[in-house]
Every structure is written in C-alpha cells, then in structure tokens.
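Bear in mind that the values here come from a model prediction, so they are computed numbers and not experimental data. Just so you know, ligand 1 is whichever comes first in the structure, and atom 1 is the first atom listed for that ligand. Computation of the quantities below employed the complete heavy-atom set of this structure, encompassing side-chain atoms and omitting hydrogens, waters and symmetry-equivalent molecules.
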Amino acid sequence: MTAGQFIGGGASGSYLEQLEAAKQFMHDHNDFLVVSHVQPDGDAISSTLAIAWLLDRMGKRYTLANEGDIPEKFSRLWGFDGIRTLSQLSDHLSYDTVISVDCADFSRIGRVSEKFTQGAKLLNIDHHATNDRFGECSVIQASAAATVEIIYDLSRHLQMEADVDFGTCIYTGLLTDTGGFRYSSTTPKVMKTAADLLEWGVKGSELAEAFLERMTFQQIRILQQGLATLDFHNNGRISTIVVSTEVIEATGASNEDMDGLVNYARNVEGVEVGLLFKQRNESAVKVSLRSAGAVDVAQIAQSFGGGGHVRAAGCTINGSIEEALRRVVEEVGNKLS
Ligand code: 5GP
Ligand code: MN
C-alpha cells in the first residue's frame, strides 16, 4: 500500500452526508485497524479510544495501533491498554479495513501503514483544514476544535447511548486540542459539548490537572534549557526556541515533554509567530509553528511538506538545525512583510 493509492479518494458532501458515510463504513465491515498520527497527542489518543468504544458497542472487532510509544499519562482513559505500538503488532497480520483519526495526510500515520493490505479500505476522520481526503471515505470538519468533536457527532449520528468512559475520551481531546478551552477553536459548540460531558460525570478538573497542569521533571528541565535559547528575529515579531539532540538526551525529555514549549516563544508580547526547532537526528529537524493570528502557519508548514492549522502547524525539514531555522524564519519573515 502506498500513499498515492489513497490520495483524493474520499467522497465529500455535507457534514451530515459524511457522517452517514462513516456510519455505513462502520456497519459494513467487521474487523478494523484504528490508527492515529505519529507522536500522538491527547486528541490522537482520545480519538483512537473513542472510536474503539463505538466499535465495541457495535460488537465489532478492532485493533488499535500507533507507530511509537504511547504517552503513559493517558493511561487513565478507557481502553488505553489496548493500543499497540508497531513493534507489538504481529509480523504476520495485515489489515484491510482502517480508520485513521487526526491524520491530515497519509504520511502522518507513519510506518503503521505497512500493516495495511494492498487496496485496504480507509475511513479518514480529521479536523485539519490541510487534510487531503486520502481514503475511500472521509469525514473532514475543519471547524471542529478536535477530532473527538467529530467522533462525538458521529456517536450521536449512530444514536449511540454514550457513557462517562466515552465522555472522558471526548473531553480529553477537546481539553488538550484547545489548550484548556482557550484557543480560538473554542466555539460555543465546544463549550456546550464540554458542559454535557461534565453532566455525564466526566471529571473535568482532574483531567485538566493530569493533562495540562502536571509537569514531569524532564519537562521542566527541557523548558529551562529551551528558554536559554529563546531568540528574536524581524524586530521581535518572530521568536525561536531550539533544542538540540544533546539537550534532549541530557534532559531525558520525550516528545510529550516538549509539548507546549513552543507556546513560550509565541506568547511573548509583540511576537506574531513562535517557532520551535527540535533536532531529530543529524539530518532531520522537527519544526512547530504557532501564530498569534496574523500569519497562516499551516500554509508555511505545507510549503515545507508539513501541515496543520492556521495557528498551529508543523513540518520536518532535512538539514542542520541552523539551516532549518534560517529557512523557516526567512519564510515567516516574507509572510509578515
Ligand atoms: P505540533 O507542532 O504540536 O507537532 O503540531 C501542530 C499541528 O500541526 C498539529 O495539528 C499537527 O497535527 C500538525 N502537524 C505537525 N507536524 C505535521 C506534519 O509534519 N505534517 C502535517 N500534515 N501536520 C503536522
Ligand atoms: Mn487534533
């Protein structure tokens, strides 16, 4: 299975029609592989588990997978122990029915896609405006604050009576993808949904404490080291933070520990775009872009082969960290002028 086989296959239509197509897809098949993006965040994990919960209720069989390690902090969520890493999947098994969640393009699935059979049928559920509608069936809603918001709508479309376990997954995705109900994606619908979930008994403050407030030692160490590199460009309108492989190794920080680090660059007064450069190895740099609103960083990330949202996007650039910084700062500078 190659990425090319999937591109542009997904039918569009109204949101309701897309939800209906997703419902049919789930009804028509019996054994699913549910995948999310590499280095999964709260929305990716929660969406995977919320889909699993629906499939469970529908009496379907499923396998949940992600390429790499699954952040342990989400272990309180229903079904967490069922998520397999690529290395835990059987060498001999492949899957012909796939649901991908929170993946803007096929490559975001990572090497788990090696487990898809040739011609596998794929349902693509996502909220990134840059989603290229890979898969034979897709539900793409860019106005949704998180992929879980779409899955919540899907549960209602399925007329499924949900419970607090499902609600906790939905709430977690909303909470983490909106930065604690603060980003501009926090619509009245998000707040109404969150209010309903609290009424179901979801422990909102405990989830906020666990997923937003708590910091690991590694996280505070990388923050300390990262802030030491804070730099400004273009008259203080662009801010950068750099973390080298040495610093990542010395602090023992995981990707999850570096979540949110880029916000320190973005949040400085006068800054329009905050950038974080994480060295992956000698030749690859992961870049996180955050905009205060004036610049569409999804467009910039896309020009480097990545994607995301208008105010939060990412990409991976081949080359040294200095080279990546020079190229991205120049591109952002062009957009600002
Ligand atoms: P982060 O900077 O936190 O990794 O990602 C910010 C946003 O951009 C997320 O919505 C994420 O899904 C998206 N994103 C990050 N890296 C990539 C990438 O390489 N490709 C695409 N298409 N989206 C990305
Ligand atoms: Mn998301």
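Using modelled atom types and a 3.5 Å distance limit, the side chains of Tyr183 and Asp177 yield no donor-acceptor pair. Of the N and O atoms on the side chains of Ser36 and Asn66, at least one donor lies less than 3.5 Å from an acceptor on the other residue. In this structure, a donor-acceptor pair under 3.5 Å is present between the side chains of Gln279 and Thr245.
Ranking the protein heavy atoms by distance from atom 9 (C) of ligand 1 puts His128 NE2, 3.9 Å first. The shortest contact between atom 7 (C) of ligand 1 and any protein heavy atom is with Ala312 O, 3.4 Å. Of the protein's non-hydrogen atoms, Gly314 O, 3.4 Å is the one closest to atom 18 (C) of ligand 1.
Distances from ligand 1 to the non-hydrogen atoms of Gln39 include no value under 4.0 Å. Within the 4.0 Å heavy-atom shell around ligand 1 one finds Asp105.
On a distance-only criterion, Gly307 and ligand 1 share at least one N/O pair closer than 3.5 Å. The distance criterion of under 3.5 Å between nitrogen or oxygen atoms is not met by Thr130 with respect to ligand 1. Among the atoms of Ser288, some N or O lies under 3.5 angstrom from an N or O of ligand 1. Considering backbone and side-chain atoms alike, Asp102 places every N or O at 3.5 Å or more from each N or O of ligand 1.
Between Tyr171 and Phe181, the ring center distance clears the sub-6.0 Å criterion.
Proximity of a side-chain donor or acceptor of His37 to a complementary backbone N or O of Arg108 within less than 3.5 Å is not detected. Looking only at distances, a side-chain donor or acceptor of Thr130 sits under 3.5 Å from a matching main-chain atom of Gly308.
Taking every heavy atom of both residues into account, Thr147 and Ile125 meet most closely at CG2-O, 3.6 Å.
By heavy-atom distance, the residue among Lys278, Arg108, His37 lying nearest atom 11 (C) of ligand 1 is Arg108.
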Verdict with supporting geometry, Asp163 and Arg57, salt bridge (charged side-chain N to carboxylate O under 4.0 Å, His left out): CA-CA 11 Å; Asp163 67 4; Arg57 282 288 163 106; 3.5 Å; yes
message: One pair to check against side-chain hydrogen bond (donor to acceptor under 3.5 Å, both in side chains): Ser254 and Asp257. What are the steps and the verdict?
response: CA-CA 5 Å; Ser254 64; Asp257 291 322; 3.0 Å; yes
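Contact annotation for Arg290 and ligand 1: only side-chain heavy atoms (C-beta onward) come within less than 4.0 Å of the ligand.
Listed by number with element, the atoms of ligand 1 under 4.0 Å from a non-hydrogen atom of Cys315 are 16 (N), 19 (O). For ligand 1, the atoms closer than 4.0 angstrom to any heavy atom of Lys286 are 1 (P), 4 (O), 15 (C), 16 (N). Here is the list of ligand 1 atoms found below 4.0 Å of a heavy atom in Gly308: 8 (O), 13 (C), 23 (N). Every atom of ligand 1 is numbered from 1 in the order shown, and the set under 4.0 Å from a heavy atom of His309 is 10 (O).
Between His29 and Phe32, the angle of the ring planes goes over 60°, which puts this pair in the perpendicular group of the 30/60° scheme. The aromatic rings of Phe106 and Phe134 stand perpendicular to each other, their planes meeting at an angle above 60°, with 30° marking the opposite boundary.
Residues in residues 198-253 take part in these ring pair (Phe, Tyr, Trp, His ring centres under 6.0 Å) pairs, two or more places apart or across chains: Phe74-Phe211.
Distances under 2.8 Å from the Mn ion (ligand 2) pick out the protein N/O/S atoms Asp43 OD2, Asp102 OD1, His127 NE2, Asp177 OD2.
With rounding to the nearest 0.5 Å, the separation of CG in Leu276 from NZ in Lys286 is 8.5 Å.
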